[in-house]
Novice: 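Quick one: the structure is below, questions incoming.
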2 protein chains.
Amino acid sequence: MQNILFDFISKYISLTEEEKNAILSLDIFRSMKKGATLLKEGQKSNDSYFVLKGCIRTYYVLDGEEKTTAFYTEMEALTPYCVISKTPSQYFISCIEDTLLLVTNSDMEERVNSQFPKFDIMCRLFSAEVLAKNKIDFDEFKTSSPEQRYLNLLQKRPDLIQRVPQRQLASYLGIKPESLSRLRARIMEKDKK
Amino acid sequence: MQNILFDFISKYISLTEEEKNAILSLDIFRSMKKGATLLKEGQKSNDSYFVLKGCIRTYYVLDGEEKTTAFYTEMEALTPYCVISKTPSQYFISCIEDTLLLVTNSDMEERVNSQFPKFDIMCRLFSAEVLAKNKIDFDEFKTSSPEQRYLNLLQKRPDLIQRVPQRQLASYLGIKPESLSRLRARIMEKDKK
DNA sequence: TTAATTTCTTAACTTAAGTTAACGAGTTCC
DNA sequence: GGAACTCGTTAACTTAAGTTAAGAAATTAA
């Protein structure tokens, strides 16, 4: 279980045994059940999440409707905006599957990072990478139609389409569930020909 | 001119005179003319940008059409994905106005950061903040209609609507220029009532 | 300053997403 | 086991974005 984490970290920095032990001693591994809620709208929090196994999502409740905007799966991290801004969260975070997470809080991070400055470097490298990738994703979203987005997802993250309920997938694609159904039927029809 | 930068940095860390001088000695200030191109599709680069004054945009050329996906104005930073991935860029970057920039390359950053580990901390804090904000922006985009996006932009970044050509604004909002024109006319009509 | 080019707007038409409603197939909960 | 709910799909209808085209306005280049 730890190995998943250390393999991931090794992509950015190399760790000594001492540093590995420091991480393990933090007791940040958390196992969550499907459906469990990590953060609620209106709530304040200092916790960041890193998914080792499973899947979590962020969603808003707008006009009584859930709008799922993002999924985080293996080796993806999320620091909610409320952690940065110290304001109540605008969105919910919950587990779509049984999920194994790292949960860290900002105090803990500051402490460890000041003890091991190397972690600052890792965080910098990791977030620069995620930032640049997010931009590409956002750009792609802006420049394509719902149908193209769906086909694109089918290529790049076929697993998501399997593991996520359709209605969540729909709002992730920026459309209504009925439109996703129709769009899928349209694609099937084309494929037949 | 430097003060703009140091004021900004002071939001994250405090700098000694030595550290300030180290930054200044890097010779990273660049003044660009309106229309100048910073990065082209297909090109490799190690340069990151930080806008001190003016405005730059990123755009793709798809089917011979320019698709502008992002604008960066005062105190906003961009590290292109090609810098991270070491692959040719998928998008262009150019100046919409006469622009004053910091241009840093990754070697330079590594050197300075290793000399002043404090900079790693700053980069970590800054990118964590930008990352969390980008997520909110993306979420907002997904959960709203083109018209809502435009009204939202009118609230949050009225300056952009002034300084940016309509057709660039349209693709930034994920629609065609004709749709933006129509949408604006629709809003005007509503306002009249 | 004029000519050329690009930009913005408007209009008519097409296409697809939003909306509302209905139905069958699971799920969850008494 | 049955009732209440939720989920995914389909259909009919509404609304708005995409497309094509044309003309006026603004920019740019000669």
Side-chain angles (χ1 to χ4, degrees), chain A residues 33-37 57 59 61-68 92 94-98 141-154 160-192, chain B residues 33-37 55 57 59-68 71 92 94-98 141-154 160-193:
Chain A
K33 280 283 162 201
K34 175 175 177 175
T37 298
R57 66 175 175 130
Y59 64 97
V61 176
L62 306 175
D63 305 319
E65 289 235 322
E66 278 190 19
K67 303 278 184 176
T68 298
F92 295 77
S94 74
C95 301
I96 290 186
E97 308 170 348
D98 288 352
F141 192 94
K142 279 185 180 172
T143 56
S144 54
S145 65
E147 184 169 328
Q148 287 173 316
R149 280 175 218 150
Y150 178 79
L151 289 170
N152 192 35
L153 195 68
L154 211 53
L160 264 194
I161 296 177
Q162 299 309 317
R163 62 209 286 199
V164 165
Q166 297 286 323
R167 57 180 43 245
Q168 293 176 20
L169 211 54
S171 69
Y172 177 73
L173 294 170
I175 57 175
K176 303 280 159 186
E178 298 87 343
S179 298
L180 179 55
S181 267
R182 181 168 40 200
L183 177 162
R184 282 157 55 93
R186 203 163 60 218
I187 291 170
M188 293 283 255
E189 201 52 41
K190 282 181 195 161
D191 278 355
K192 236 190 289 179
Chain B
K33 281 280 162 205
K34 176 176 176 172
T37 298
C55 183
R57 67 174 175 130
Y59 64 97
Y60 296 72
V61 176
L62 306 175
D63 304 321
E65 290 235 322
E66 278 190 18
K67 303 277 183 177
T68 298
F71 303 106
F92 295 78
S94 75
C95 300
I96 289 185
E97 308 169 350
D98 289 352
F141 192 94
K142 279 184 181 173
T143 55
S144 54
S145 67
E147 184 170 328
Q148 288 173 316
R149 279 175 219 152
Y150 178 78
L151 291 170
N152 192 35
L153 196 67
L154 211 52
L160 263 193
I161 295 177
Q162 298 310 316
R163 64 210 284 200
V164 165
Q166 298 286 325
R167 60 179 37 249
Q168 291 176 21
L169 212 52
S171 69
Y172 177 72
L173 294 171
I175 56 176
K176 303 280 157 185
E178 298 86 343
S179 297
L180 179 55
S181 268
R182 180 169 39 198
L183 176 161
R184 281 157 57 91
R186 204 164 58 217
I187 290 170
M188 294 283 253
E189 200 52 41
K190 282 183 197 163
D191 279 354
K192 236 190 289 179
K193 292 176 188 168

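Here is the naming used below: chain letters follow the sequence lines, and residue numbers restart at 1 for every chain. The shown structure was predicted, so the numbers you read here are calculated from the model rather than taken from an experiment.
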Novice: Starting at OG1 of B/T143, measure out to CZ of B/R149 and round the result to the nearest 0.5 Å.
Specialist: 9.0 Å
Novice: To the nearest 0.5 Å, what is the distance between CD1 (B/I161) and OH (B/Y172)?
Specialist: 10.0 Å
Novice: When rounded to the nearest 0.5 angstrom, what is the spacing between CD1 in B/I187 and CD in B/E147?
Specialist: 4.5 Å
Novice: Taking A/D98 for its side chain and A/K33 for its backbone only, find out whether a donor-acceptor pair lies under 3.5 Å.
Specialist: no
Novice: Answer yes or no: is there a side-chain heavy-atom contact under 4.5 Å between B/S144 and B/N152?
Specialist: no
Novice: At what distance, to the nearest 0.5 angstrom, does NZ of B/K176 lie from NZ of B/K67?
Specialist: 3.0 Å
Novice: Which residue in the set B/R57, B/R163, B/K34 passes salt bridge (charged side-chain N to carboxylate O under 4.0 Å, His left out) when paired with B/E97?
Specialist: B/R163
Novice: Just by distance, do the side chain of B/S171 and the backbone of B/T68 share a donor-acceptor pair under 3.5 Å?
Specialist: yes
Novice: Between the protein and nucleotides 5-10 of chain C, list the N/O to N/O atom pairs that are separated by less than 3.5 angstrom.
Specialist:
| from | atom 1 | to | atom 2 | distance (Å) |
| --- | --- | --- | --- | --- |
| C/dC8 | OP1 | B/Q166 | N | 2.8 |
| C/dC8 | OP2 | B/R167 | N | 2.9 |
| C/dT9 | OP2 | B/S181 | OG | 2.7 |
| C/dT9 | O5' | B/S181 | OG | 3.3 |

Novice: Are the side chain of B/Q168 and the backbone of B/P165 linked by a donor-acceptor contact shorter than 3.5 Å?
Specialist: no
Novice: Name the first nucleotide and the last nucleotide along DNA chain D (5' to 3') that come under 4.0 Å of a heavy atom in chain B.
Specialist: D/dA16 to D/dT20
Novice: Among residues 141-151 of chain A, which residues get a heavy atom nearer than 4.0 Å to DNA chain C?
Specialist: A/P146
Novice: Looking at side-chain heavy atoms only, is the closest gap between A/L183 and A/R186 below 4.5 Å?
Specialist: yes
